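Just below is one structure, and these are the notes that go with it.
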Amino acid sequence: MTALTTSIIRFDSLGSTNTEATKLAIAGVAEGTCVVAREQTAGRGRLEREWISPLDAGLYFSIVLRPQIEPKSFPLITLMASLAVRDALREACGLETDIKWPNDVLAEGKKLCGILAETVDTQSGRAVILGIGINLKKESLPTELATVAISIEGATGRVPDSENVLQALTGALGREYDHMQSPNGDLAMLAEWRRASSYANGKRVSVSNNGQIIDGVTDGLELDGALRVLTPDGKVVILRAGEVTAVRQVE
Ligand code: BTN
């Protein structure tokens with residue numbers, strides 16, 4: 001296995017860095033090609049939600065991956081990415097974060113970063129487009145999101161240098177991705193995720209899953225990254241990211 005080498009293509013404005021990276025993956029670019037935009041006019045999140053992306057207020061980043069793991073394990077890529085974001089924010093900003101399954105990085109219990117992994121079939125096999133949005137400045141957030149979202153500026157009191165965050169992120173992604181794909185790296189990554197996330201075990205949650213509300217206590221992860229929730233009647237419900245619309249902590 002060769003280490004992930006990253007190269008960065010920069011844009012002033014794009015609809016979505018994930019859409020641009022998808023086009024590049026279909027055109028055959030190498031694994032590790034990154035797309036960064038200063039703003040997005042059609043940034044998107046999981047479940048087709050909007051990702052508001054004002055000019056220079058956030059980091060809007062996508063990377064083309066061509067993973068050598070079984071497709072059923074692709075959800076691990078989102079978990080791996082959340083560890084890389086955690087590492088990068090610690091390195092570049094001295095900021096400690098929490099991870100909320102399946103795709104959020106939190107500071108002070110509020111969302112600081114969202115991760116969107118999408119797959120695309122290309123001539124050289126299935127690629128994963130890993131999109132990461134990090135709120136850098138306070139103006140990245142509309143006022144109506146103030147109770148649920150936060151920026152690095154809001155969490156540290158300092159406007160971060162976006163280039164430092166980007167360099168730390170590409171470095172951390174390279175390390176975490178290579179580690180995940182090394183022998184038994186998936187198990188090591190899952191163990192690391194459990195240590196990094198307050199949501200992994202023993203957290204009381206209310207989850208919207210396929211239109212149903214499931215209340216219970218988190219009970220670790222399955223090997224494919226699905227979340228286990230222990231319900232009051234003693235059953236374990238296995239939740240997969242594609243079916244879950246919301247995970248709420250219950251006080
Ligand atoms: C989520 O929280 O639901 C995921 C948000 C992902 C946002 C990033 S910003 C860069 C990349 N381009 C997009 O359109 N979305 C991702």
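Indexing begins at 1, ligand by ligand and atom by atom, following the structure's order. As the structure is a prediction and not an experimental result, all values here were calculated from the model.
- One finds the CG atom of L221 at 6.0 Å from the CG atom of L227 (value rounded to the nearest 0.5 Å).
- Which parts of ligand 1 touch N18 is read off a 4.0 Å heavy-atom cut-off, strictly below it: atoms 11 (C), 12 (N).
- From the protein, the heavy atom lying nearest to atom 12 (N) of ligand 1 is Q40 OE1, 2.9 Å.
- The residues K72 and D224 are annotated as not salt-bridged, no charged nitrogen and carboxylate oxygen being separated by less than 4.0 angstrom.
- In terms of protein heavy atoms, atom 11 (C) of ligand 1 is closest to T17 OG1, 3.2 Å.
- From the protein, the heavy atom lying nearest to atom 1 (C) of ligand 1 is N103 ND2, 3.3 Å.
- Contacts between I115 and ligand 1 below 4.0 angstrom, taking non-hydrogen atoms only, involve the backbone exclusively.
- Salt bridge status for R158 with E153: absent, with no side-chain N to carboxylate O gap under 4.0 Å.
- Distances from ligand 1 to the non-hydrogen atoms of R49 include no value under 4.0 Å.
- At a 3.5 angstrom cut-off on N or O pairs, R46 counts as close to ligand 1.
- The protein non-hydrogen atom at the shortest distance from atom 8 (C) of ligand 1 is G133 N, 3.6 Å.
- For the 3.5 Å distance criterion, the side chains of E39 and S13 qualify, holding a donor opposite an acceptor.
- With respect to atom 5 (C) of ligand 1, the closest heavy atom belonging to the protein is W51 CE3, 3.4 Å.
- To the nearest 0.5 angstrom, F61 atom CZ is 5.5 Å from L173 atom CG.
- Of the residues listed (L106, D104, I99), the one engaging Y199 in a side chain to side chain contact (heavy atoms under 4.5 Å, CB included) is L106, and it is the only one.
- Per-residue contacts place F61 under 4.0 angstrom from the following atoms of ligand 1 (heavy atoms of the residue considered): 10 (C), 11 (C).
- Applying the 4.5 Å side-chain rule to ILVMFWY residues, one finds that V250 remains a lone member of its cluster.
- Shown in contact with G45 at under 4.0 Å from a heavy atom are these atoms of ligand 1, numbered in order with element: 1 (C), 3 (O), 4 (C), 5 (C).
- With respect to R195 and E192, a salt bridge is recorded, a charged nitrogen being found less than 4.0 Å from a carboxylate O.
- The atoms of ligand 1 that sit less than 4.0 Å from any heavy atom of K111 are 1 (C), 2 (O).
- For ligand 1, the atoms closer than 4.0 angstrom to any heavy atom of S16 are 12 (N), 13 (C), 14 (O).
- At the top of the distance list for atom 16 (C) of ligand 1, counting protein heavy atoms only, stands R44 O, 3.8 Å.
- Listed by first and then second residue, the salt bridge (charged side-chain N to carboxylate O under 4.0 Å, His left out) pairs that reach into residues 42-53 are R44-E118, sequence neighbours excluded.
- Using a cutoff of 4.0 Å between basic side-chain nitrogens and carboxylate oxygens, E20 and R10 are not scored as salt-bridged.
- Taking a cut-off of under 4.0 Å to the non-hydrogen atoms of G43, the atoms of ligand 1 that pass are 14 (O).
- Listed by number with element, the atoms of ligand 1 under 4.0 Å from a non-hydrogen atom of G114 are 2 (O), 4 (C), 5 (C), 6 (C).
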